[in-house]
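What follows is a single structure, written as structure tokens, with notes after it.
Owing to the predicted nature of the structure, the values given are computational and were not obtained by experimental measurement.
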Amino acid sequence: MFGKITFRFLLFAVIMDILSFTGLDPDHIFLYMTNPVSWFVEIIPNIPYGIKMPILYGGNLVFWYFVGRYVNRFIDRRRGTGQV
């Protein structure tokens, strides 16, 4: 289910979420820089903060999971293992 790259990308996303959630990143700069979902959520006006942040945290995890899966799949195909 998880490849090495997927695990590392998910770990990165979890660290970014934890930094943002605990307040170590008070303006959520790292979360906004590393999360393409946040770029689109900011376009939509009048989303309450209590709804927007769970969308950003979940979107961050989902985005990096799929990026990791894609990279793992690409690496597997290049190596010839062909695991789909």
Side-chain angles (χ1 to χ4, degrees):
M1 182 176 170
F2 289 136
K4 289 181 182 180
I5 303 297
T6 303
F7 177 74
R8 290 177 184 165
F9 281 5
L10 271 177
L11 183 64
F12 171 74
V14 167
I15 290 170
M16 289 297 111
D17 288 349
I18 289 172
L19 284 175
S20 180
F21 184 75
T22 59
L24 295 174
D25 179 22
D27 295 328
H28 309 293
I29 297 299
F30 293 127
L31 184 65
Y32 287 121
M33 286 190 322
T34 61
N35 185 3
V37 175
S38 67
W39 307 338
F40 298 107
V41 169
E42 289 300 316
I43 294 172
I44 303 169
N46 302 327
I47 296 178
Y49 185 79
I51 294 173
K52 180 171 68 171
M53 292 315 291
I55 291 172
L56 293 181
Y57 295 143
N60 193 26
L61 293 173
V62 169
F63 173 77
W64 286 109
Y65 171 77
F66 282 114
V67 169
R69 291 282 300 205
Y70 178 76
V71 171
N72 279 330
R73 196 170 187 187
F74 178 75
I75 290 171
D76 287 343
R77 286 187 179 186
R78 293 286 288 180
R79 287 184 183 159
T81 58
Q83 181 182 5
V84 177

Discussion item. Would you compute the distance between atom CZ of F66 and atom OH of Y70 and round it to the nearest 0.5 angstrom?
Written reply: 14.5 Å
Fill in: Which atom of T6 lies closest to which atom of R69, heavy atoms considered
OG1-N, 3.2 Å
Fill in: Contact check, side chains of F21 and Y57, non-hydrogen atoms, under 4.5 Å
yes
Worksheet item: Should N60 and L31 be marked as a side chain to side chain contact (heavy atoms under 4.5 Å, CB included) after you check the CA-CA gap, both sets of side-chain angles, and the distance that decides it?
Response: CA-CA 8 Å; N60 193 26; L31 184 65; 3.6 Å; yes
Practice prompt. Treating Ile, Leu, Val, Met, Phe, Trp and Tyr as nodes and any side-chain heavy-atom pair under 4.5 angstrom as an edge, say whether F9 and M16 lie in one connected cluster.
Written response: yes
Worksheet item: Can you check whether F63 reaches P36 side chain to side chain, under 4.5 Å on heavy atoms?
Response: yes
Worksheet item: Would M33 and W39 show up in the same hydrophobic cluster when neighbours are defined by side-chain heavy atoms closer than 4.5 Å?
Response: no
Worksheet item: Out of curiosity, does L11 fall in the hydrophobic cluster containing L19 (side-chain heavy atoms, cut-off under 4.5 Å, transitive links)?
Response: yes
In a table with atom names and distances, give each donor-acceptor pair under 3.5 Å that connects a side chain of residues 44-56 to protein atoms at least two apart or in another chain.
| from | atom 1 | to | atom 2 | distance (Å) |
| --- | --- | --- | --- | --- |
| Y49 | OH | H28 | NE2 | 3.0 |
| K52 | NZ | E42 | OE2 | 3.1 |

Worksheet entry | Partners meeting side-chain contact (heavy atoms from CB on, under 4.5 Å) with V14 (sequence neighbours left out) | I18, L61
Worksheet item: Would you say V71 and F74 are hydrophobically clustered, going by side-chain heavy atoms of ILVMFWY under 4.5 Å?
Response: no
Practice prompt. Identify, with sequence neighbours excluded, every residue that meets ring-ring contact (aromatic ring centres under 6.0 Å, His included) alongside F12.
Written response: W64
Item to complete: Give a yes or no on whether I29 and L24 share a hydrophobic cluster (residues Ile, Leu, Val, Met, Phe, Trp, Tyr; joining criterion: side-chain heavy atoms under 4.5 Å apart).
Response: yes
Worksheet, complete the sentence: In short, salt bridge (charged side-chain N to carboxylate O under 4.0 Å, His left out) pairs touching residues 8-33 with sequence neighbours left out are none
